[in-house]
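Throughout, protein chains are lettered first and strands after them, A, B, ... in sequence-line order, and every chain is numbered starting at 1.
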There are 2 protein chains.
Amino acid sequence: MAYRKTERVEARLADNRQRILDAARRLVSEGGWAEAQISHVASAAGIATGSVYRYFPSKADLCVEVLSVVSQREVDVLEAIANSADAPCQTLHVAVSAFVERAMRNRRLAYALIAEPCDREIDEARLVYRHAISKQIMRIVKDGQAAGDFRADLDPSIAATVIVGGFMESLIGPLSPLNADFDRSGTHGPDAVRALASQIADVCCAAVTAQPGKAASSEPHPRRQA
Amino acid sequence: MAYRKTERVEARLADNRQRILDAARRLVSEGGWAEAQISHVASAAGIATGSVYRYFPSKADLCVEVLSVVSQREVDVLEAIANSADAPCQTLHVAVSAFVERAMRNRRLAYALIAEPCDREIDEARLVYRHAISKQIMRIVKDGQAAGDFRADLDPSIAATVIVGGFMESLIGPLSPLNADFDRSGTHGPDAVRALASQIADVCCAAVTAQPGKAASSEPHPRRQA
DNA sequence: TGAAGAAGTGAATTAGGGTTCACTAACTGA
DNA sequence: TCAGTTAGTGAACCCTAATTCACTTCTTCA
(Lines give C-alpha, C1' and ligand atoms only; values in the text may rest on other atoms or scores of the structure.)
Protein backbone atom coordinates (compact mmCIF):
# COMPACT_ATOMS: atom_id res chain seq x y z
CA MET A 1 0.00 0.00 0.00
CA ALA A 2 2.18 2.80 1.22
CA TYR A 3 5.48 3.54 -0.40
CA ARG A 4 8.30 1.48 1.05
CA LYS A 5 11.89 2.05 0.04
CA THR A 6 13.25 -1.00 -1.66
CA GLU A 7 16.67 -2.22 -0.70
CA ARG A 8 18.16 -0.93 -3.90
CA VAL A 9 16.88 2.57 -3.23
CA GLU A 10 18.00 2.45 0.35
CA ALA A 11 21.45 1.56 -0.91
CA ARG A 12 21.43 4.38 -3.40
CA LEU A 13 20.43 6.86 -0.76
CA ALA A 14 23.15 5.65 1.55
CA ASP A 15 25.57 5.88 -1.30
CA ASN A 16 24.53 9.43 -2.10
CA ARG A 17 24.92 10.42 1.50
CA GLN A 18 28.36 8.92 1.58
CA ARG A 19 29.28 10.61 -1.66
CA ILE A 20 28.28 13.95 -0.21
CA LEU A 21 30.41 13.32 2.85
CA ASP A 22 33.33 12.18 0.75
CA ALA A 23 33.06 15.16 -1.53
CA ALA A 24 32.93 17.52 1.40
CA ARG A 25 35.93 15.92 3.02
CA ARG A 26 37.87 16.00 -0.20
CA LEU A 27 37.10 19.67 -0.73
CA VAL A 28 38.06 20.52 2.83
CA SER A 29 41.30 18.63 2.54
CA GLU A 30 42.08 20.53 -0.64
CA GLY A 31 41.12 24.04 0.29
CA GLY A 32 39.85 24.11 3.83
CA TRP A 33 36.39 25.01 5.05
CA ALA A 34 36.03 27.78 2.51
CA GLU A 35 35.75 25.15 -0.19
CA ALA A 36 32.95 23.33 1.55
CA GLN A 37 30.24 25.44 -0.03
CA ILE A 38 27.06 23.53 -0.52
CA SER A 39 26.99 24.20 -4.24
CA HIS A 40 30.58 22.98 -4.59
CA VAL A 41 29.97 19.93 -2.50
CA ALA A 42 26.86 19.14 -4.49
CA SER A 43 28.55 19.34 -7.84
CA ALA A 44 31.55 17.42 -6.55
CA ALA A 45 29.14 14.73 -5.43
CA GLY A 46 27.36 14.85 -8.75
CA ILE A 47 24.01 16.05 -7.50
CA ALA A 48 22.08 19.30 -7.34
CA THR A 49 22.50 21.87 -4.63
CA GLY A 50 19.07 21.34 -3.18
CA SER A 51 19.56 17.61 -2.94
CA VAL A 52 22.20 18.03 -0.27
CA TYR A 53 19.40 19.16 1.99
CA ARG A 54 17.66 15.84 1.50
CA TYR A 55 20.55 14.30 3.38
CA PHE A 56 21.73 16.97 5.78
CA PRO A 57 19.55 19.51 7.53
CA SER A 58 22.16 22.23 7.21
CA LYS A 59 25.66 22.97 6.11
CA ALA A 60 26.78 23.00 9.71
CA ASP A 61 25.51 19.47 10.23
CA LEU A 62 27.33 18.28 7.17
CA CYS A 63 30.56 19.92 8.22
CA VAL A 64 30.30 18.65 11.75
CA GLU A 65 29.83 15.14 10.44
CA VAL A 66 32.91 15.47 8.26
CA LEU A 67 34.87 16.61 11.27
CA SER A 68 33.44 13.91 13.48
CA VAL A 69 34.29 11.03 11.20
CA VAL A 70 37.88 12.09 10.79
CA SER A 71 38.36 13.06 14.40
CA GLN A 72 36.82 9.92 15.77
CA ARG A 73 39.31 7.86 13.84
CA GLU A 74 42.12 9.72 15.54
CA VAL A 75 40.55 9.18 18.91
CA ASP A 76 40.30 5.48 18.13
CA VAL A 77 43.95 5.35 17.17
CA LEU A 78 44.90 7.03 20.42
CA GLU A 79 42.69 4.71 22.38
CA ALA A 80 44.40 1.70 20.87
CA ILE A 81 47.77 3.16 21.73
CA ALA A 82 46.65 3.99 25.25
CA ASN A 83 45.65 0.36 25.67
CA SER A 84 49.11 -0.91 24.86
CA ALA A 85 51.05 -2.64 27.58
CA ASP A 86 54.29 -0.76 26.95
CA ALA A 87 55.94 1.43 29.49
CA PRO A 88 53.78 4.52 30.05
CA CYS A 89 56.57 6.80 28.99
CA GLN A 90 56.89 5.01 25.71
CA THR A 91 53.14 4.81 25.27
CA LEU A 92 52.83 8.55 25.65
CA HIS A 93 55.67 9.10 23.24
CA VAL A 94 54.08 6.84 20.67
CA ALA A 95 50.69 8.47 21.14
CA VAL A 96 51.93 11.99 20.60
CA SER A 97 54.26 11.20 17.75
CA ALA A 98 51.64 9.08 16.02
CA PHE A 99 49.18 11.93 16.21
CA VAL A 100 51.68 14.38 14.84
CA GLU A 101 52.80 12.12 12.04
CA ARG A 102 49.27 11.26 11.03
CA ALA A 103 48.33 14.94 10.97
CA MET A 104 51.33 15.76 8.85
CA ARG A 105 50.30 13.14 6.36
CA ASN A 106 47.23 15.15 5.38
CA ARG A 107 48.25 18.58 6.41
CA ARG A 108 45.55 20.67 4.83
CA LEU A 109 42.81 18.55 6.30
CA ALA A 110 44.47 18.44 9.68
CA TYR A 111 44.88 22.19 9.63
CA ALA A 112 41.20 22.65 8.85
CA LEU A 113 40.14 20.29 11.59
CA ILE A 114 42.50 21.62 14.21
CA ALA A 115 43.15 25.26 13.64
CA GLU A 116 41.46 26.91 10.71
CA PRO A 117 38.96 29.64 11.49
CA CYS A 118 35.46 28.32 11.03
CA ASP A 119 31.84 28.63 12.09
CA ARG A 120 30.95 28.50 15.70
CA GLU A 121 29.21 25.17 15.26
CA ILE A 122 32.21 23.45 13.78
CA ASP A 123 34.40 24.98 16.42
CA GLU A 124 32.21 23.63 19.16
CA ALA A 125 32.42 20.17 17.67
CA ARG A 126 36.18 20.53 17.72
CA LEU A 127 36.09 20.97 21.46
CA VAL A 128 34.29 17.67 21.83
CA TYR A 129 37.06 15.81 20.08
CA ARG A 130 39.82 17.71 21.77
CA HIS A 131 38.24 16.59 24.97
CA ALA A 132 38.05 13.01 23.78
CA ILE A 133 41.71 13.13 22.83
CA SER A 134 42.55 14.65 26.14
CA LYS A 135 40.75 11.83 27.86
CA GLN A 136 42.92 9.23 26.17
CA ILE A 137 46.04 11.13 27.06
CA MET A 138 44.81 11.41 30.61
CA ARG A 139 44.42 7.65 30.78
CA ILE A 140 48.05 7.25 29.81
CA VAL A 141 49.08 9.83 32.36
CA LYS A 142 47.13 8.15 35.12
CA ASP A 143 48.53 4.75 34.23
CA GLY A 144 51.99 6.20 34.33
CA GLN A 145 51.39 7.77 37.68
CA ALA A 146 50.04 4.52 39.04
CA ALA A 147 53.11 2.72 37.74
CA GLY A 148 55.34 5.27 39.40
CA ASP A 149 56.85 6.29 36.08
CA PHE A 150 55.18 9.66 36.02
CA ARG A 151 55.28 12.37 38.62
CA ALA A 152 52.48 11.94 41.08
CA ASP A 153 52.30 15.58 42.02
CA LEU A 154 50.67 16.75 38.80
CA ASP A 155 46.94 16.89 38.24
CA PRO A 156 46.38 14.31 35.51
CA SER A 157 43.56 16.25 33.93
CA ILE A 158 45.59 19.42 33.73
CA ALA A 159 48.67 17.56 32.58
CA ALA A 160 46.66 15.92 29.80
CA THR A 161 45.20 19.24 28.72
CA VAL A 162 48.60 20.87 28.63
CA ILE A 163 50.02 18.00 26.63
CA VAL A 164 47.19 18.07 24.12
CA GLY A 165 47.38 21.83 23.76
CA GLY A 166 51.11 21.54 23.48
CA PHE A 167 51.28 19.16 20.59
CA MET A 168 48.33 20.78 18.86
CA GLU A 169 50.04 24.15 19.03
CA SER A 170 53.26 22.66 17.78
CA LEU A 171 51.33 21.39 14.79
CA ILE A 172 49.77 24.68 13.83
CA GLY A 173 52.97 26.15 12.47
CA PRO A 174 54.00 23.18 10.41
CA LEU A 175 50.44 22.58 9.21
CA SER A 176 49.50 26.12 8.38
CA PRO A 177 49.20 27.00 4.74
CA LEU A 178 50.45 30.44 5.76
CA ASN A 179 53.72 29.19 7.11
CA ALA A 180 55.30 27.55 4.17
CA ASP A 181 58.42 27.50 6.37
CA PHE A 182 58.25 23.84 6.82
CA ASP A 183 57.92 23.38 3.09
CA ARG A 184 60.74 25.66 2.18
CA SER A 185 63.13 24.19 4.70
CA GLY A 186 64.08 21.65 2.09
CA THR A 187 63.84 18.23 3.60
CA HIS A 188 60.44 17.74 5.03
CA GLY A 189 60.23 14.17 3.94
CA PRO A 190 59.26 11.31 6.23
CA ASP A 191 62.47 11.73 8.20
CA ALA A 192 61.95 15.38 8.99
CA VAL A 193 58.36 14.73 9.97
CA ARG A 194 59.42 11.87 12.20
CA ALA A 195 62.08 14.01 13.81
CA LEU A 196 59.60 16.79 14.46
CA ALA A 197 57.09 14.35 15.89
CA SER A 198 59.73 12.84 18.09
CA GLN A 199 60.88 16.16 19.44
CA ILE A 200 57.37 17.26 20.24
CA ALA A 201 56.74 13.95 21.94
CA ASP A 202 59.95 14.37 23.92
CA VAL A 203 58.72 17.61 25.40
CA CYS A 204 55.32 16.14 26.19
CA CYS A 205 56.91 13.16 27.88
CA ALA A 206 59.26 15.38 29.79
CA ALA A 207 56.28 17.20 31.23
CA VAL A 208 55.19 14.16 33.16
CA THR A 209 58.05 11.69 33.54
CA ALA A 210 59.42 11.25 37.02
CA GLN A 211 62.88 11.00 35.54
CA PRO A 212 65.16 9.21 38.00
CA GLY A 213 68.08 9.23 35.61
CA LYS A 214 68.18 11.46 32.58
CA ALA A 215 65.78 9.69 30.29
CA ALA A 216 64.44 11.04 27.02
CA SER A 217 67.54 11.91 25.08
CA SER A 218 67.30 12.90 21.45
CA GLU A 219 66.45 9.35 20.33
CA PRO A 220 65.21 7.79 23.48
CA HIS A 221 62.46 5.64 22.11
CA PRO A 222 62.36 2.91 19.56
CA ARG A 223 60.59 4.11 16.44
CA ARG A 224 57.30 2.36 16.37
CA GLN A 225 54.47 3.06 14.04
CA ALA A 226 51.06 3.11 15.62
CA MET B 1 46.34 78.99 2.89
CA ALA B 2 45.65 75.29 2.96
CA TYR B 3 43.64 73.72 5.70
CA ARG B 4 45.75 72.70 8.65
CA LYS B 5 44.29 70.79 11.56
CA THR B 6 44.52 72.86 14.66
CA GLU B 7 45.74 71.23 17.81
CA ARG B 8 42.28 71.15 19.26
CA VAL B 9 40.92 69.27 16.25
CA GLU B 10 43.83 66.91 16.25
CA ALA B 11 43.05 66.14 19.86
CA ARG B 12 39.40 65.57 19.14
CA LEU B 13 40.23 63.22 16.31
CA ALA B 14 42.61 61.27 18.47
CA ASP B 15 39.98 61.16 21.15
CA ASN B 16 37.39 59.84 18.73
CA ARG B 17 39.72 57.20 17.51
CA GLN B 18 40.43 56.14 21.03
CA ARG B 19 36.74 56.12 21.87
CA ILE B 20 36.10 53.81 18.94
CA LEU B 21 38.82 51.46 20.11
CA ASP B 22 37.58 51.56 23.67
CA ALA B 23 34.02 50.91 22.61
CA ALA B 24 35.08 48.00 20.45
CA ARG B 25 37.14 46.50 23.23
CA ARG B 26 34.33 46.92 25.70
CA LEU B 27 31.85 45.25 23.37
CA VAL B 28 34.21 42.37 22.69
CA SER B 29 34.85 41.86 26.36
CA GLU B 30 31.12 41.75 26.95
CA GLY B 31 29.92 39.58 24.13
CA GLY B 32 32.88 38.51 22.03
CA TRP B 33 33.57 39.33 18.42
CA ALA B 34 29.94 39.02 17.46
CA GLU B 35 29.24 42.22 19.35
CA ALA B 36 31.88 44.15 17.49
CA GLN B 37 29.56 45.12 14.67
CA ILE B 38 30.45 48.46 13.20
CA SER B 39 27.03 49.89 13.88
CA HIS B 40 27.21 48.77 17.52
CA VAL B 41 30.70 50.09 17.97
CA ALA B 42 29.72 53.37 16.41
CA SER B 43 26.76 53.93 18.65
CA ALA B 44 28.72 52.80 21.68
CA ALA B 45 31.33 55.37 20.77
CA GLY B 46 28.65 57.99 20.24
CA ILE B 47 29.23 58.54 16.53
CA ALA B 48 27.63 57.49 13.28
CA THR B 49 28.36 54.21 11.55
CA GLY B 50 30.07 55.82 8.62
CA SER B 51 32.38 57.83 10.82
CA VAL B 52 34.14 54.71 11.96
CA TYR B 53 35.51 54.48 8.47
CA ARG B 54 37.14 57.89 8.88
CA TYR B 55 39.37 56.27 11.45
CA PHE B 56 39.71 52.67 10.37
CA PRO B 57 39.81 51.42 6.81
CA SER B 58 37.83 48.30 7.63
CA LYS B 59 36.29 46.34 10.42
CA ALA B 60 39.15 43.90 10.28
CA ASP B 61 41.67 46.66 10.88
CA LEU B 62 39.73 47.90 13.85
CA CYS B 63 39.44 44.44 15.36
CA VAL B 64 43.07 43.66 14.75
CA GLU B 65 44.03 46.86 16.52
CA VAL B 66 41.87 45.93 19.49
CA LEU B 67 43.55 42.58 19.63
CA SER B 68 47.00 44.05 19.18
CA VAL B 69 46.73 46.54 21.98
CA VAL B 70 45.56 43.98 24.49
CA SER B 71 47.93 41.28 23.33
CA GLN B 72 50.94 43.52 23.26
CA ARG B 73 50.39 44.37 26.88
CA GLU B 74 50.55 40.69 27.74
CA VAL B 75 53.70 40.28 25.72
CA ASP B 76 55.21 43.19 27.61
CA VAL B 77 54.29 41.65 30.93
CA LEU B 78 55.91 38.39 29.90
CA GLU B 79 58.98 40.19 28.69
CA ALA B 80 59.38 41.90 32.03
CA ILE B 81 59.05 38.57 33.79
CA ALA B 82 61.51 36.94 31.42
CA ASN B 83 63.98 39.66 32.30
CA SER B 84 63.87 38.88 35.99
CA ALA B 85 66.96 37.54 37.63
CA ASP B 86 65.18 34.76 39.50
CA ALA B 87 65.89 31.10 39.01
CA PRO B 88 64.69 30.08 35.54
CA CYS B 89 62.34 27.52 36.97
CA GLN B 90 60.68 30.13 39.10
CA THR B 91 60.66 32.64 36.28
CA LEU B 92 58.84 30.22 34.06
CA HIS B 93 56.37 29.42 36.79
CA VAL B 94 55.68 33.08 37.39
CA ALA B 95 55.34 33.76 33.67
CA VAL B 96 52.78 31.04 33.08
CA SER B 97 50.76 31.62 36.19
CA ALA B 98 50.75 35.36 35.64
CA PHE B 99 49.41 34.86 32.15
CA VAL B 100 46.72 32.51 33.35
CA GLU B 101 45.68 34.72 36.22
CA ARG B 102 45.55 37.81 34.07
CA ALA B 103 43.45 36.02 31.47
CA MET B 104 41.06 34.80 34.13
CA ARG B 105 40.59 38.33 35.33
CA ASN B 106 38.82 39.29 32.13
CA ARG B 107 37.62 35.96 30.95
CA ARG B 108 35.31 36.95 28.14
CA LEU B 109 37.89 39.17 26.53
CA ALA B 110 40.62 36.61 26.96
CA TYR B 111 38.41 33.97 25.42
CA ALA B 112 37.72 36.18 22.44
CA LEU B 113 41.39 36.97 21.95
CA ILE B 114 42.63 33.45 22.44
CA ALA B 115 40.04 31.00 21.29
CA GLU B 116 36.80 32.37 19.94
CA PRO B 117 36.04 31.67 16.30
CA CYS B 118 36.62 34.78 14.25
CA ASP B 119 37.54 36.14 10.85
CA ARG B 120 40.63 34.95 9.15
CA GLU B 121 42.29 38.32 9.53
CA ILE B 122 41.87 38.44 13.26
CA ASP B 123 43.01 34.87 13.51
CA GLU B 124 46.15 35.65 11.61
CA ALA B 125 46.89 38.51 13.96
CA ARG B 126 46.51 36.09 16.83
CA LEU B 127 49.31 33.98 15.44
CA VAL B 128 51.61 36.96 15.53
CA TYR B 129 51.07 37.43 19.23
CA ARG B 130 51.20 33.76 20.02
CA HIS B 131 54.54 33.82 18.36
CA ALA B 132 55.63 36.83 20.36
CA ILE B 133 54.56 35.09 23.54
CA SER B 134 56.34 31.96 22.48
CA LYS B 135 59.49 34.00 21.94
CA GLN B 136 59.46 35.26 25.50
CA ILE B 137 58.92 31.77 26.83
CA MET B 138 61.72 30.53 24.64
CA ARG B 139 64.04 33.11 26.14
CA ILE B 140 63.28 31.75 29.58
CA VAL B 141 63.82 28.22 28.37
CA LYS B 142 67.14 29.06 26.80
CA ASP B 143 68.30 30.89 29.91
CA GLY B 144 67.34 27.89 31.98
CA GLN B 145 69.21 25.55 29.72
CA ALA B 146 72.25 27.76 29.84
CA ALA B 147 72.05 27.80 33.62
CA GLY B 148 71.79 24.03 33.64
CA ASP B 149 68.45 24.16 35.37
CA PHE B 150 66.53 22.98 32.32
CA ARG B 151 67.09 19.86 30.28
CA ALA B 152 69.52 20.54 27.49
CA ASP B 153 68.19 17.82 25.24
CA LEU B 154 64.99 19.62 24.30
CA ASP B 155 64.67 21.95 21.36
CA PRO B 156 63.94 25.30 23.00
CA SER B 157 61.70 26.47 20.20
CA ILE B 158 59.59 23.34 20.34
CA ALA B 159 59.55 23.34 24.11
CA ALA B 160 58.35 26.94 24.12
CA THR B 161 55.65 26.18 21.59
CA VAL B 162 54.42 23.21 23.57
CA ILE B 163 54.36 25.25 26.75
CA VAL B 164 52.44 28.10 25.14
CA GLY B 165 49.98 25.73 23.53
CA GLY B 166 49.69 23.90 26.79
CA PHE B 167 48.70 26.79 28.96
CA MET B 168 46.52 28.30 26.26
CA GLU B 169 44.63 25.05 25.91
CA SER B 170 44.26 24.80 29.64
CA LEU B 171 42.67 28.21 29.58
CA ILE B 172 40.08 27.45 26.93
CA GLY B 173 37.93 25.33 29.20
CA PRO B 174 37.89 27.70 32.15
CA LEU B 175 37.48 30.73 29.88
CA SER B 176 34.84 29.39 27.55
CA PRO B 177 31.36 30.79 27.92
CA LEU B 178 30.17 27.35 26.90
CA ASN B 179 31.78 25.59 29.81
CA ALA B 180 30.20 27.19 32.76
CA ASP B 181 31.81 24.35 34.71
CA PHE B 182 34.30 26.59 36.25
CA ASP B 183 31.57 28.96 37.26
CA ARG B 184 29.30 26.36 38.71
CA SER B 185 32.04 24.68 40.67
CA GLY B 186 31.32 27.11 43.43
CA THR B 187 34.54 28.67 44.55
CA HIS B 188 36.24 30.21 41.61
CA GLY B 189 37.42 33.17 43.58
CA PRO B 190 40.99 34.43 43.53
CA ASP B 191 42.15 31.34 45.37
CA ALA B 192 40.75 28.86 42.91
CA VAL B 193 42.14 30.86 40.02
CA ARG B 194 45.53 31.00 41.69
CA ALA B 195 45.47 27.28 42.31
CA LEU B 196 44.57 26.56 38.71
CA ALA B 197 47.28 28.87 37.47
CA SER B 198 49.80 27.24 39.73
CA GLN B 199 48.92 23.75 38.60
CA ILE B 200 49.15 24.67 34.97
CA ALA B 201 52.47 26.32 35.60
CA ASP B 202 53.64 23.22 37.43
CA VAL B 203 53.07 21.08 34.37
CA CYS B 204 54.77 23.60 32.13
CA CYS B 205 57.78 23.77 34.41
CA ALA B 206 57.91 20.02 34.65
CA ALA B 207 58.22 19.85 30.88
CA VAL B 208 61.60 21.50 30.95
CA THR B 209 63.17 21.25 34.40
CA ALA B 210 66.18 19.00 34.68
CA GLN B 211 64.93 17.98 38.08
CA PRO B 212 67.87 16.68 40.15
CA GLY B 213 65.76 16.29 43.25
CA LYS B 214 61.98 16.31 43.06
CA ALA B 215 61.26 19.97 42.62
CA ALA B 216 57.89 21.47 41.81
CA SER B 217 55.66 20.01 44.45
CA SER B 218 52.13 21.26 44.84
CA GLU B 219 53.21 24.58 46.33
CA PRO B 220 56.78 24.83 45.20
CA HIS B 221 57.00 28.49 44.47
CA PRO B 222 56.43 31.61 46.49
CA ARG B 223 53.26 33.31 45.35
CA ARG B 224 54.36 36.39 43.54
CA GLN B 225 52.19 38.71 41.56
CA ALA B 226 53.67 39.77 38.27
C1' DT C 1 -0.41 1.08 -16.23
C1' DG C 2 -1.35 4.84 -13.31
C1' DA C 3 -2.01 7.17 -8.95
C1' DA C 4 0.53 8.38 -4.87
C1' DG C 5 4.58 9.20 -2.57
C1' DA C 6 9.75 10.31 -2.62
C1' DA C 7 13.73 12.09 -4.40
C1' DG C 8 16.05 15.39 -7.43
C1' DT C 9 16.51 19.98 -9.35
C1' DG C 10 18.52 24.72 -9.54
C1' DA C 11 16.95 29.37 -9.97
C1' DA C 12 15.12 32.59 -6.83
C1' DT C 13 14.86 34.11 -2.20
C1' DT C 14 16.78 35.59 2.08
C1' DA C 15 19.55 37.42 5.55
C1' DG C 16 23.06 39.69 7.88
C1' DG C 17 26.41 42.93 8.11
C1' DG C 18 30.23 45.45 6.01
C1' DT C 19 30.88 49.32 3.16
C1' DT C 20 29.70 53.34 0.40
C1' DC C 21 28.31 57.92 -0.73
C1' DA C 22 25.62 62.04 -1.45
C1' DC C 23 24.77 65.24 1.64
C1' DT C 24 25.23 68.35 5.82
C1' DA C 25 27.92 70.43 9.53
C1' DA C 26 32.09 72.17 11.24
C1' DC C 27 36.49 74.15 10.79
C1' DT C 28 40.44 76.98 8.72
C1' DG C 29 42.75 80.93 6.85
C1' DA C 30 42.26 85.29 4.55
C1' DT D 1 32.20 86.73 6.48
C1' DC D 2 33.26 83.65 2.84
C1' DA D 3 35.42 80.17 -0.15
C1' DG D 4 37.76 75.96 0.42
C1' DT D 5 38.49 71.84 2.98
C1' DT D 6 37.69 68.17 6.16
C1' DA D 7 34.66 65.60 9.40
C1' DG D 8 30.20 63.49 10.38
C1' DT D 9 25.97 61.18 9.00
C1' DG D 10 23.06 57.04 8.33
C1' DA D 11 20.14 55.07 4.96
C1' DA D 12 20.92 52.55 0.87
C1' DC D 13 23.77 49.38 -1.42
C1' DC D 14 26.15 45.01 -2.08
C1' DC D 15 27.99 40.73 -1.71
C1' DT D 16 28.01 36.13 -0.52
C1' DA D 17 26.32 31.91 0.39
C1' DA D 18 22.96 29.26 2.79
C1' DT D 19 18.42 27.87 2.26
C1' DT D 20 13.91 27.28 0.09
C1' DC D 21 10.38 25.66 -3.02
C1' DA D 22 7.55 24.97 -7.08
C1' DC D 23 8.36 21.85 -10.31
C1' DT D 24 10.15 17.47 -12.66
C1' DT D 25 11.56 12.81 -12.51
C1' DC D 26 11.81 8.44 -10.48
C1' DT D 27 9.73 4.48 -7.45
C1' DT D 28 6.37 1.73 -5.49
C1' DC D 29 2.50 -1.13 -5.54
C1' DA D 30 -2.33 -2.29 -6.55
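The interatomic distance linking L27(A) (CG) with dA17(D) (C1') rounds to 15 Å, in whole Å. One interatomic measurement links the two molecules: CD of E121(B) to C1' of dG18(C), which rounds to 12 Å at whole-angstrom precision. Separating the CD atom of E35(B) from the P atom of dG16(C) is a distance of 15 Å, rounded to the nearest angstrom. Protein atom CG of N16(B) is 14 Å distant from nucleotide atom C1' of dC27(C), rounded to whole Å. Rounded to whole angstrom, the span from the CZ atom of R17(A) across to the P atom of dA7(C) amounts to 14 Å. Separating the CD atom of E7(A) from the P atom of dT28(D) is a distance of 11 Å, rounded to the nearest angstrom. Following rounding to the nearest Å, I20(A) (CD1) and dA7(C) (P) show an atom-to-atom distance of 13 Å. Rounding to whole angstrom units, CD1 of residue I38(B) and P of dA11(D) are separated by 16 Å.
Without hydrogens or angle criteria, S71(B) side chain to S68(B) main chain gives no donor-acceptor distance under 3.5 Å.
Salt bridge annotation for R108(A)-E35(A): absent, with no cationic side-chain nitrogen under 4.0 angstrom from a carboxylate oxygen. By the 4.0 Å N-to-carboxylate-O rule, R19(A) lies too far from D22(A) to be salt-bridged with it. In this structure, R139(B) does not pair ionically with D143(B), as no charged nitrogen and carboxylate oxygen lie closer than 4.0 Å.
In this structure, K5(A) reaches the dA7(C) phosphate: one of its side-chain N or O atoms is under 4.0 Å from OP1 or OP2. Distances shorter than 4.0 Å separate none of the side-chain N or O atoms of R12(A) from OP1 or OP2 on dA7(C). Residue S51(A) places no side-chain N or O under 4.0 Å from the OP1 or OP2 atom of dA7(C). Taking only side-chain nitrogens and oxygens, Y53(A) never comes nearer than 4.0 Å to OP1 or OP2 of dT9(C).
When each of S39(B) and G46(A) is assigned the nucleotide of DNA chain C with its nearest heavy atom, G46(A) is the one assigned upstream, toward the 5' end. If R54(A) and A48(B) are placed on DNA chain D by their nearest nucleotide, the residue sitting closer to the 5' end is A48(B).
Among the protein residues, F56(A) comes within range of no part of the nucleic acid, since none of its heavy atoms lies under 4.0 Å from any strand. S58(A) comes within contact range of the sugar-phosphate backbone alone, with a heavy-atom separation under 4.0 Å but no base atom that close.
For the 3.5 Å distance criterion, the side chains of E79(B) and N83(B) fail to qualify, holding no donor opposite an acceptor.
Closest to the K59(B) side chain, of the nucleotides dT19(C), dC27(C), dA17(D), is dT19(C). Which of dT27(D), dT28(C), dG10(D) sits closest to the side chain of R8(A) comes down to dT27(D). The side chain of L13(B) lies closest to dG8(D) when the candidates are dT9(C), dG18(C), dG8(D). Closest to the I47(A) side chain, of the nucleotides dT9(D), dT9(C), dC27(C), is dT9(C). In this structure, the nucleotide among dT19(C), dG8(D), dT9(D) sitting nearest to the side chain of T49(B) is dT19(C).
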Would D123(B) and R120(B) satisfy salt bridge (charged side-chain N to carboxylate O under 4.0 Å, His left out), going step by step from the backbone distance to the final call?
-> CA-CA 5 Å; D123(B) 209 57; R120(B) 179 172 313 286; over 6 Å; no
